[in-house]
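All figures in this text were calculated on a predicted structure; none of them were measured in a lab. Side-chain atoms are counted along with the backbone in the values below, which use heavy atoms only and exclude waters and symmetry mates. All chains are named by letter (A, B, ...) in the order of the sequence lines, taking the proteins before the strands, and each is independently numbered beginning at 1.
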Amino acid sequence: MPQIKKKGKAGAAKNYITRTQAVKKLQLSLPDFRKLCIWKGIYPREPRDKRKVTKSLKASTTFYYTKDIQYLLHEPLLAKFREQKVLEKKISKALGRGDVSDAARFESRANDPEKTGKPRYTLDHVVRERYPTFVDALRDLDDCLSMLFLFASLPSTSAVPAKMIARCERLCLEFQHYLIVSHSLRKSFLSIKGIYYQANIQGEDILWLVPYKFNQRIVGDIDFRIMGTFVEFYMTMLGFINYRLFTSVGLKYPPKFDQLKDEQGAELGAFALEGVNIATDSSATKAITNGESDRIDPGTQAAVDKIVKQLKENEITDEEPAKTEASEDAEEAEQDTDAIDKFEPVAAGGDILPQPSYSSSDPAKLFSNFTVFLSRETPRQPLEFILRAFGCKRIGWDAVLGEGAFTHDESDPSITHQIVDRPVIQAAMEVDGDGEDNQTAHKVGINGRYPGRIYVQPQWVWDSVNDEELKSPEMYAPGASLPPHLSPFVKSTQGAYDPTLPLEAQETEAEALDALIEDADKGSDEENGMDIASDEDDEDEEKDGFGGFSEGEEEQDDGEEEEGSEDEEASAVLQRQIELEAEISGKQVKSKQVDPKLKAKLEQRKQLEKKAREEAEDLERAKGMLSKKKRKLFEQMQYTNKKKSTEDLKLREKRRKLEKEKNKA
Amino acid sequence: MPVLKAPSGNPNGPAQYKQSSRKGKKAWRKNVDVTDVEKGLDELNDEIILHGEKIGEKASEDLFAIDVKGDSNITKKLPKALTKKLKADEIIAARSAVPAVSLRKRPGDKTTDGVLPVKRQRTQYVTQKELVRLRKVADGQHETTVTVTDATYDVWDAPDPQKEVTEKLPFLPKVDKAKVPNTLRQQPISLSANGKPVPAVPKPSGGYSYNPEFNDYRDRLEEVSNQVVEEEKKRLAELEAERLRQIAAAKSAAEAEAAEARKDLSEWEEESAWEGIESGGEELVAGAISKKKKERKTQAQRNKIKRRKEAERLAKHEAAMKKKRQQLEKISELAEEVYQKEKAMEVAKIEMSDDSEGDDEVLRRRQLGKFRLPEKDLEIVLPDELEESLRRLKPEGNLLKDRFRNMLVRGKLESRRKIPFKKQAKGKITEKWSYKDFVLD
């Protein structure tokens with residue numbers, strides 16, 4: 001007889017543990033337990049059958065894996081928490097006795113590592129443990145960055161101490177410096193919530209959200225203790241990530257931080273990056289944030305050039321061994337990103353594979369030749385960051401926007417672009433004409449314009465960055481109605497309608513041919529003029545054959561088109577009848593008069609149709625091989641695809657019509 | 001002036017043990033009853049309070065006056081009923097005839113002991129603010145104890161300290177490190193309806209743009225407005241249900257009352273029956289009882305019942321058959337319906353499996369923890385507020401809330417809500433009755 005199994009000794013009862021049990025086991029207070037769980041990445045779990053785990057059960061009972069909790073018992077932080085608890089007890093005892101000075105002494109000694117020799121704890125080992133490799137940490141960077149950028153923009157309260165905010169801000173600025181130096185920012189999006197940024201670091205896409213300035217309301221139902229716990233961990237984590245990133249591009253970490261400049265609102269400009277290369281003279285700071293060096297001191301410029309040259313040399317020398325040995329080192333992988341393989345389909349006619357972006361255009365050169373001036377009303381921080389990240393060296397702004405500008409003088413002759421977001425004064429518009437003249441206008445004062453520079457609205461920067469090319473500034477001139485700001489994160493699927501692409505790039509072969517035939521038909525119609533209705537019908541029929549339009553719309557078209565005399569109508573009906581019969585019998589309709597060009601097109605079209613039919617037959621045959629379940633699934637997929645594609649078709653059709661009208665006009 | 005006295009009982013403390021026997025020297029002084037002395041002293045005290053000094057020591061002129069002619073004012077005085085003050089006012093207004101001791105600081109003794117007082121050094125002094133903080137610390141609400149310093153080394157490249165030790169001192173026994181359980185690497189439970197992990201920062205669609213394309217914006221506006229309308233409908237339905245419930249409750253209460261009233265009435269009737277007034281109802285009841293005794297059915301009756309039952313059965317069968325026939329006629333329609341349903345379901349399934357990310361708006365029913373997740377803010381700029389200029393953009397949504405909710409949706413922790421006050425025991429406020437313990441004499 002097999003051994004009788006006792007209840008509660010195996011299975012769910014053994015694998016799971018309730019929160020109360022866990023807290024008791026670890027001898028912690030609930031807030032401390034929560035903290036530890038957040039830091040160590042221990043999440044609540046859900047047993048399949050809750051009743052099997054514990055007898056006393058509420059709907060809200062939270063469970064954890066027993067193994068996780070067991071593992072927590074080895075955590076060195078646990079000892080720190082317990083020490084803290086002992087201290088709390090001591091203090092409360094002393095306070096209870098009225099020995100206030102004793103209580104104060106206990107507290108101060110425990111928190112003074114110099115006196116006790118016991119350091120307060122750090123979360124370094126937790127970072128290492130949760131993210132065994134650097135890439136793991138990068139994958140979790142989305143949350144980290146969003147959180148820290150958010151906290152950096154909060155007002156300080158009792159729940160969010162000013163120290164924490166300052167720290168967050170500093171870490172974020174350091175990270176931005178890395179992005180600027182490595183030119184790894186890819187996309188940015190102005191949304192109603194905040195500004196999204198996407199960077200690519202070592203092949204990992206990182207997306208984060210930065211709030212607009214001065215916008216954060218603190219609402220009641222947020223637990224700041226919890227948020228603070230996350231932020232504490234993320235601050236440690238981003239510190240290490242920054243260290244690694246800075247050293248990977250040959251910079252010293254932490255960068256020199258100028259307190260005075262920071263207080264004057266220099267933000268990015270408060271940091272001075274230094275190289276760690278021994279070969280360079282150690283005093284030369286790489287003044288990335290201040291393009292002034294270009295202009296002011298040729299000596300520093302030379303030094304900077306030297307560093308850049310050396311860095312490039314290093315890169316080359318690094319790359320050579322990378323070819324021979326497997327690139328295990330992430331650092332090398334980082335430097336190798338310049339040469340990304342192109343994905344090509346193995347067989348001809350395979351799926352078009354998504355290509356790694358930025359293989360062609362260099363993000364470092366997008367704005368590199370410009371000197372940009374930001375007007376008072378523009379958001380300086382995001383603009384400065386994006387412009388710098390895409391190669392702009394010289395950015396000036398109004399003195400109101402803070403320290404650290406290339407110039408505060410709006411009339412500086414070296415400025416090539418000015419970003420404005422002010423409404424255009426009407427009188428000035430009349431003088432200026434179309435607003436296009438602002439580049440050629442030769443007097444200053446009307447709308448405060450300076451000749452010889454391009455005035456654009458802020459969206460120009462974002463759209464240029466997202467499209468990886470400079471957009472034409474006329475569309476973004478002040479006072480002009482802006483084109484819509486599209487999200488760069490919406491992935492366009494194969495064959496779907498994309499308003500940004502030209503029509504030729506996205507229409508199918510058959511569609512293009514259809515359009516040409518239609519055009520040709522129109523031409524011929526104009527020639528003989530008599531049988532408009534019949535020809536129109538002809539077209540419709542063909543479209544229908546190819547699976548284009550819905551029946552109802554067609555009829556509507558017919559209704560619009562048929563306005564000829566009675567016998568014309570009768571002839572049309574007759575024609576239609578003939579066509580229908582021909583279709584049933586599988587023969588092609590003979591058009592009455594066709595020129596050879598049109599004929600060739602029709603031939604081509606027929607071939608395409610044939611090909612499509614053959615493919616469909618092949619598919620049908622292949623479908624027969626599938627199991628019933630898979631076949632159904634496949635059919636459903638086809639159904640949805642068709643639904644989507646007809647929608648896209650309609651959209652393209654509409655656009656074609658619009659374009660044609662535009663061309664005519 | 002009256003002096004307060006307890007209305008009954010002994011206002012003094014518990015009486016001393018009464019000792020009647022005074023035998024022996026020791027017993028002479030023990031438990032001596034001094035109540036009459038105390039009483040005398042109390043009286044004396046009362047006199048002093050009321051009159052300023054002992055009555056016996058007062059001069060006769062102060063105590064008595066010879067009334068030569070009657071008081072002329074006495075007729076002008078209002079009747080006592082009108083001038084009577086409240087007892088409480090009287091008690092409060094009462095003042096002792098003995099003047100109060102002045103609270104002013106009086107000069108101390110002029111003589112000293114010759115030793116100059118040393119000014120106390122308050123090195124151990126703790127400020128009130130500090131004390132408040134200490135109390136908080138004792139209560140477990142200490143500030144962060146984590147020190148975040150600038151990173152000075154690469155964590156991912158740092159050498160293992162354990163390994164170093166074993167290399168340097170190979171003779172030391174190896175310390176077994178706790179093995180990381182596999183369960184720790186498992187992803188947290190996503191709260192999205194399709195169970196897929198929710199990204200930390202969902203990719204924004206075009207509808208979120210500050211200057212959106214028309215189609216994107218329309219889609220998003222439609223989506224949001226549908227959602228809001230749906231919510232409002234739900235709320236109204238709930239209100240309606242509540243109203244109906246209340247009506248039903250009121251109705252049933254009224255019915256119960258009516259039944260009660262009827263019962264009362266019948267009781268009264270029964271009573272009257274006891275008194276000898278027979279009502280018509282009595283007979284009926286008696287008849288019902290007698291009817292319970294069943295009579296034997298005749299064969300004819302049995303046959304009749306049998307026939308009726310058969311007819312009923314047939315009718316039922318025919319109805320069923322008719323229904324079946326009707327369904328048979330509609331069979332193609334039904335089949336089509338079922339097929340469409342299945343198709344729709346499968347399409348939904350595919351569409352669900354199609355997008356690889358979890359949705360943080362449509363959540364699953366069962367959540368973690370005691371509280372429901374906070375609702376997401378409506379993140380949309382209304383059409384009339386939609387501006388083309390970045391300068392005039394009114395940002396929507398709350399990122400703090402968004403971040404917090406995102407943590408919860410990703411299952412990183414159970415849902416929580418800030419509890420601004422600790423729940424305290426419910427108290428009941430009543431008036432004190434102790435004023436009844438005293439009477440004025």
Side-chain angles (χ1 to χ4, degrees), chain A residues 29 43-44 46 60 62 65 67-68 71 74 88 91-92 95 100-101 103-104 107 120 122-123 127-128 134 142-143 146-147 150 167 189-194 196 207-209 211-212 215 217 219 221-223 232 235-236 239-240 243-244 254 377 421 458 482 484-487 489-490 636 640, chain B residues 124 126 130-131 134-135 137-138 140 144-148 150-151 154-156 178 180-181 183-184 188-189 200-201 203-206 208-213 343 346-347 350-351 368-370 374 379 381 388-391 393 395-401 403-404 411-414 416-418:
Chain A
S29 66
Y43 313 118
E46 206 170 40
S60 59
T62 324
Y65 278 133
K67 275 185 183 168
D68 287 357
Y71 179 63
H74 299 283
E88 274 165 24
I91 292 170
S92 68
L95 284 177
V100 182
S101 56
E107 211 264 336
R120 296 162 86 195
T122 58
L123 297 176
V127 172
R128 172 72 197 260
F134 182 55
D142 287 11
D143 197 22
S146 301
M147 199 78 145
L150 174 62
R167 182 98 214 150
F189 176 54
L190 290 165
S191 93
I192 49 172
K193 287 161 83 175
Y196 285 86
L207 176 72
W208 72 99
L209 177 56
Y212 290 112
N215 182 40
R217 281 169 294 128
V219 284
D221 49 356
I222 291 158
D223 194 339
E232 273 165 11
M235 283 195 298
T236 314
F240 282 117
Y243 182 90
R244 173 101 176 197
E377 69 281 358
D421 198 1
L482 291 171
H485 182 55
L486 301 173
S487 168
F489 306 112
V490 179
Q636 290 313 323
T640 43
Chain B
Q124 308 263 290
V126 178
E130 179 72 4
L131 182 62
L134 277 176
R135 283 210 186 105
V137 169
T144 172
T145 41
V146 181
T147 43
V148 183
D150 284 323
D154 192 349
V155 219
W156 293 282
V180 182
T183 48
L184 202 62
I189 307 163
V201 183
K203 286 190 172 155
S205 67
Y208 282 98
S209 169
Y210 91 102
N211 178 16
E213 204 216 358
K343 208 172 176 183
E346 266 178 29
V347 167
I350 285 164
E351 274 170 2
L368 299 171
K370 206 175 187 176
E379 287 158 350
V381 178
E388 222 178 41
S389 166
L390 184 61
R391 183 173 49 93
L393 166 72
E396 284 294 319
N398 188 319
L399 286 196
L400 259 177
K401 210 173 154 187
R403 221 74 288 276
F404 187 58
K412 296 249 169 189
L413 59 156
E414 72 248 313
R416 283 175 56 74
R417 189 182 296 161
K418 193 188 165 199

*Between atom CD of Glu414(B) and atom CD1 of Ile189(B), what is the distance when rounded to the nearest 0.5 Å?*
11.0 Å
*Specify the closest pair of heavy atoms between Ile192(A) and Tyr212(A), including all atoms of both residues, with the distance to one decimal.*
O-CE1, 4.2 Å
_Taking side chain as everything from C-beta outward and backbone as N, CA, C, O, which of these in Leu413(B) sits under 4.5 Å from a heavy atom of chain A? Side chain, backbone, both or neither._
both
_Tyr65(A), part contacting chain B, at a heavy-atom distance under 4.5 Å_ = side chain
_I'd like to know which of Lys67(A), Arg167(A), Glu377(A) tops the heavy-atom pair count under 4.5 Å against chain B._
Arg167(A)
_Please report the interatomic distance CE(Met235(A)) to CE(Met147(A)), rounded to the nearest 0.5 Å._
11.0 Å
*Take atom NZ in Lys343(B); do more than 12 heavy atoms of anything else shown fall under 6.0 Å from it?*
yes
*Given that the side chain runs from C-beta out, which part of Pro204(B) has a heavy atom under 4.5 Å from chain A: side chain, backbone, both or neither?*
both
_Within the structure provided, determine whether Tyr43(A) and Asp68(A) are in side-chain contact (heavy-atom separation under 4.5 Å)._
no
*Are Asn398(B) and Glu379(B) side-chain neighbours, meaning at least one heavy-atom pair lies under 4.5 Å?*
no
_Top contributor to chain A contacts, counting heavy-atom pairs under 4.5 Å, from Lys370(B), Lys401(B), Lys412(B)_ = Lys412(B)
_Quick check on the interface: out of Thr236(A), Leu207(A), Leu95(A), Leu209(A), who has the most heavy-atom pairs with chain B under 4.5 Å?_
Leu207(A)
*Could you look at Leu399(B) and say if it's the side chain, the backbone, both or neither that has a heavy atom under 4.5 Å from chain A?*
both
*Flag the one option from Ser209(B), Ala200(B), Ala178(B) with the top tally of heavy-atom pairs under 4.5 Å to chain A.*
Ser209(B)
*May I ask you to decide if the ring planes of Phe489(A) and Phe189(A) are parallel, tilted or perpendicular, using 30° and 60° as cut-offs?*
perpendicular
*Hey, which of Pro458(A), Gly239(A), Ser101(A), Ala104(A) has the most heavy atom pairs under 4.5 Å with chain B?*
Ser101(A)
*Go through Ser29(A), Pro254(A), Gly194(A) and name the one with the most non-hydrogen pairs under 4.5 angstrom from chain B.*
Pro254(A)
*asked:* Report which part of Leu150(A) has an atom under 4.5 Å of a heavy atom belonging to chain B: side chain, backbone, both, or neither.
replied: side chain
*Walk me through it: do Tyr196(A) and Val201(B) pass the test side chain to side chain contact (heavy atoms under 4.5 Å, CB included)?*
CA-CA 9 Å; Tyr196(A) 285 86; Val201(B) 183; 3.7 Å; yes
*Given the options Val126(B), Leu393(B), Val148(B), which has more heavy-atom pairs under 4.5 Å with chain A than any of the others?*
Val148(B)
